[in-house]
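What follows is a set of notes on a single structure, which appears directly below.
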Amino acid sequence: MAALFKAGKALGLCVSGCRSLSSLAELPEMHQMMRQTCRDYADRELGPIAGKLDKEHLFPAQQVRELGAMGVMAVEVPEALGGAGMDYLAYSLAVEEISRGCGSTGCVVSVNNSLYIGPILKFGTQKQKEQWITPFTTGEKVGCFALSEPGNGSDAGAASTLARQEGEEWVLNGTKAWITNSWDASATVIFATTDKSLKHKGISAFLVPMPHPGLSLGKKEDKLGIRATSTANLILEDCKIPLGNMLGSRGSGFKIAMQTLDSGRIGIASQALGIAQAALDCAADYAHKRTAFGAPIGKLQAVQFKLADMAVAVESARLLTWKAAMLKDAKKPFTKEAAMAKLAASEAATFCGHQSIQVLGGMGYVTDMPAERHYRDARITEIYEGTSEIQRLVIAGQLLKEYAS
Amino acid sequence: MSPASVFVCLSLTLLSDYPVIRVKPDHSGVVTDGVKHSMNPFCEIAVEEAVKLKEKKFIKEVVAVSCGPTQVTETIRTALAMGCDRGIHVEVSGKDYEAMGPLQIAKIFAALAKKEEASLVILGKQAIDDDCNQTGQMTAALLDWPQGTFASEVTIDGEKVKVVREIDGGLETIKISMPAVLTADLRLNTPRYATLPNIMKAKKKKIANMKPADLGVDMVSRVEVLRVDEPPTRLAGVKVETVDDLVAKLKANGTI
């Protein structure tokens, strides 16, 4: 702990400014209660059905409504707009616990909170917030975020979806790819180029209701994991929306997207933590029960070392995630920490998913045990909302900035 | 006159699905250190019923009460997060807590109910660690109030409460006058999950502190636990080939 503070001071970072890291030994009481509530819900309502949701590609509509009633679908949204009015640390804890029960449900929660509500909360007008956030706090409706295109994922600045003004309307044309929640969403935050000559400074953000004339959905992707969420293309063919549906100012779309993804990263890191923890829980439980060579396999060093490595990976990623959330809550810069959290947590998730199957042996390979589902669910966390490679670029970029003379 | 306040009396118990509960080496009780504790499930049902009655506007205020060491305030806060208005923590710790049984608890609850002029006292039917099933009944007797125990349905009808009770023979419906004591059975309701906004609000709700002495209750126990033993280890069964063999075996060991 002391080294962290020293290092922070050396780099001129205000580590001591945010809520003291030493107090992380125990979360504040309210956060503990909230975490317990989400954990109870995940254990009782999500755990038992997660396998079925995965196998049958079922969107957990009822559970999303129940989570909405609890305030989990809009954790950071002020109470006046229908949300829970809590901080980002609380949100991170909620997503982790929900994801521990069901990785897909955790994804739905994260996308609705960080990617859909997030930018509207930050950049929307009061009227837009009431129209586009409040109905999406109850779990009755969920939103989605449309940035990626068939031609560009990591290369977000090359948006080829176009928006032209025609009288009192914007007309959108183009295709968006890999959109999570697409088939279940009632609205989307979508990015389109309004001024091609300005390159990434010519991208703007728009709010489009779903369904809507001119907007159609591609086929649902058949994915490796998080199968209870729907992922599809959004196809825009002369899709017309009122001028008032622009989010933020013209040309600020790229900035909105990047800032949204910064926060979204903490959400995905939390989802990855939940999946990693579930994999660890599965392996540790099995190590107690399965006997081989005359004793529970937890007595074997090979298994012990795996469990220890898994635990360290999860706990260190968790602390990075909490730190990023706390910096955001303290309104301090958190880009680097969020990228580190997402990188560490997603790699912890894939590591734990992999090792969990290994500990379970043959049992880990079959659908009777959840280990294989955790393995499959974990994989996406290294890809969406910024691949691990992009995270490394972000971290290096921030780091080098700190050392520049 | 519609009932003013309802007291929900909570118990903090050992978590029943904890892997192994161990008997202390001296057989004086069960090891509680490091074992996860939480609100007794029947008490959760009691809280839910009280909050539901308040939401239906039958009562004005729900007070969550519990006796025990500091740990118990977490339980009270959970009840506040579920919708109770305020809490009372009666501090009992150390030797007094170890010796505390249904009679002492009932005396405390009775004294509080009288002091605060409660119209209804709702408890869980029994705690899942000691399975006594006595506190509710004793509280009613000490107060000389009617009791509706093992309630699976509660309806307030003016000055009276209609209680459907789960009994061995089936269901019994009784009507009792308030003030009264009710104990909650499993099928009374399904407790809600505390919502995040309510957890936030719970932080601001008051929990008053007091000691049994403040209520004039003496905590001396008239019951002495002589010994606690684990249940005998389950022996392996015996397989038989035919029904005749089964009957013969049962006759042989005196079962039939």
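Every chain is numbered from 1 and lettered A, B, ... according to where its sequence line falls, protein lines coming before strand lines.
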For this session: Can you tell which part of B/Arg192 gets under 4.5 Å to a heavy atom of chain A, answering side chain, backbone, both or neither?
Result: neither
Exercise. Quick one: do the A/Gln62 and A/Glu45 side chains pair a donor with an acceptor below 3.5 Å?
Worked result: no
For this session: Compute whether any side-chain donor of one residue and acceptor of the other, for A/Ser114 and A/Tyr91, lie under 3.5 angstrom apart.
Result: yes
Problem set entry | Whether B/Asn198 side chain and B/Gly83 backbone form a donor-acceptor pair below 3.5 Å | no
Exercise. Between the side chains of A/Ser270 and A/Ser92, is a donor N or O closer than 3.5 angstrom to an acceptor N or O?
Worked result: yes
Seminar exercise, completed: Whatever's closer than 4.5 Å to a heavy atom in chain B on A/Gln36 counts as side chain
Problem set entry | Interface moiety of A/Glu29 toward chain B, non-hydrogen atoms closer than 4.5 Å | side chain
